[in-house]
> 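This is the structure, below, for whatever I ask next.
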Amino acid sequence: MDTLVMQALKSKSRRLELTLEMTGDTLRLADVVLLKDTLTIVRIGSPLLILPADSTTQVVAFQVLKGSFIKIENVIFSGFKTAIQTEENVKLSLKNVQFKGEGVKIRAEWIPKDTLKTREIIFPTTSLPN
């Protein structure tokens, strides 16, 4: 997956289209996938199930690095302690993304210690009709 992400980041469109031929129905991650800059990850066709290769060791599926704008479409995360973890100043757009299991869906761990009293945190959500 890291190689595919790097190729997409070098492309003019900055878009990674994951087809059934590329990944099959399921993608198993052996390590956290680092996402940075501006990138769109789209599954073409039926949703892609993303699982840890080893559920006893995989903590995070996607780590979104500081200042990035990431769009993720048409995937299902299952079996991770945290599906998506973000750093500071991240824009994250999810479309047709599902989270299965009891882990944390999205974790933002960038708030500096002892500064919460002077910060405003807004989590905008949009619920689309089924």
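By convention here, the first residue in the shown sequence is residue 1.
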> Provide the closest heavy-atom pair for Ser78 versus Leu49 in the form atom of the first, atom of the second, distance.
CB-CD1, 3.9 Å
> Indicate, with yes or no, if Leu27 and Val59 share a hydrophobic cluster defined by side-chain heavy-atom contacts under 4.5 Å among Ile, Leu, Val, Met, Phe, Trp and Tyr.
no
> Any chance you could measure Thr86, atom OG1, to Ile70, atom CD1, to the nearest 0.5 Å?
11.0 Å
> Which pair of heavy atoms, one from Lys66 and one from Glu87, lies closest together, and at what distance?
N-OE1, 3.0 Å
> So which atom in Ser68 and which in Lys36 form the shortest heavy-atom distance, rounded to 0.1 Å?
OG-CA, 3.1 Å
> What's the shortest heavy-atom distance between Leu94 and Phe99, and which atoms?
CD1-CZ, 3.9 Å
> Of all the heavy-atom pairs spanning Ile76 and Pro47, show the shortest one and how long it is.
CD1-CB, 3.9 Å
> For the side chain of Ser11 and the backbone of Arg14, is there at least one donor-acceptor N/O pair under 3.5 Å apart?
yes
> Within the distance-only criterion (no hydrogens, no angle test), does the side chain of Asn74 pair as donor or acceptor with the backbone N or O of Gly45 below 3.5 angstrom?
yes
> Step by step, would you call Ile106 with Thr82 a side chain to side chain contact (heavy atoms under 4.5 Å, CB included)?
CA-CA 7 Å; Ile106 301 170; Thr82 301; over 6 Å; no
> What are the two closest non-hydrogen atoms of Phe80 and Pro52, and how far apart are they?
CZ-N, 3.4 Å
> Give a yes or no on whether Ile50 and Leu34 share a hydrophobic cluster (residues Ile, Leu, Val, Met, Phe, Trp, Tyr; joining criterion: side-chain heavy atoms under 4.5 Å apart).
no
> Share the residues that join Val104 in a hydrophobic cluster, the rule being Ile, Leu, Val, Met, Phe, Trp or Tyr side chains under 4.5 Å apart at the heavy-atom level.
none
> Are Met1 and Leu48 in one and the same hydrophobic cluster, where Ile, Leu, Val, Met, Phe, Trp and Tyr link if side-chain heavy atoms are under 4.5 Å apart?
yes
> Compare all side-chain heavy atoms of Lys91 with those of Asn89 and state whether any distance is below 4.5 angstrom.
no
> Using modelled atom types only, decide if a donor and an acceptor are shared between the side chain of Glu73 and the backbone of Val42 within a distance under 3.5 Å.
no
> Given Leu35, which partner from the list Thr38, Val32, Leu39 fulfils the side-chain contact (heavy atoms from CB on, under 4.5 Å) test?
Leu39
> At what distance, to the nearest 0.5 angstrom, does CD of Gln85 lie from CZ of Arg107?
6.5 Å
> Identify the residue among Val5, Val64, Leu4, Val60 that makes a side-chain contact (heavy atoms from CB on, under 4.5 Å) with Val33.
Val5
> Can you hop from Phe69 to Leu65 via hydrophobic side chains spaced under 4.5 Å?
no
> Let's go through Thr23 and Arg43 carefully: what are the C-alpha distance in whole Å and the side-chain angles of both, what is the deciding distance for side-chain hydrogen bond (donor to acceptor under 3.5 Å, both in side chains) to 0.1 Å, and is it a yes or a no?
CA-CA 10 Å; Thr23 62; Arg43 167 56 174 219; 2.6 Å; yes
> Below 4.5 Å, heavy atoms only, C-beta onward: do Ile44 and Leu20 meet side chain to side chain?
no
> Report the relative orientation of the aromatic rings in Phe77 and Phe62; use parallel for angles under 30°, tilted for 30 to 60°, perpendicular for over 60°.
perpendicular
> Would you say Val90 ends up clustered with Leu16 if hydrophobic residues are merged whenever their side chains have heavy atoms under 4.5 Å apart, either directly or through other cluster members?
yes
> Donor-acceptor check, side chain of Lys105 to backbone of Gly103, threshold 3.5 angstrom: yes or no?
yes
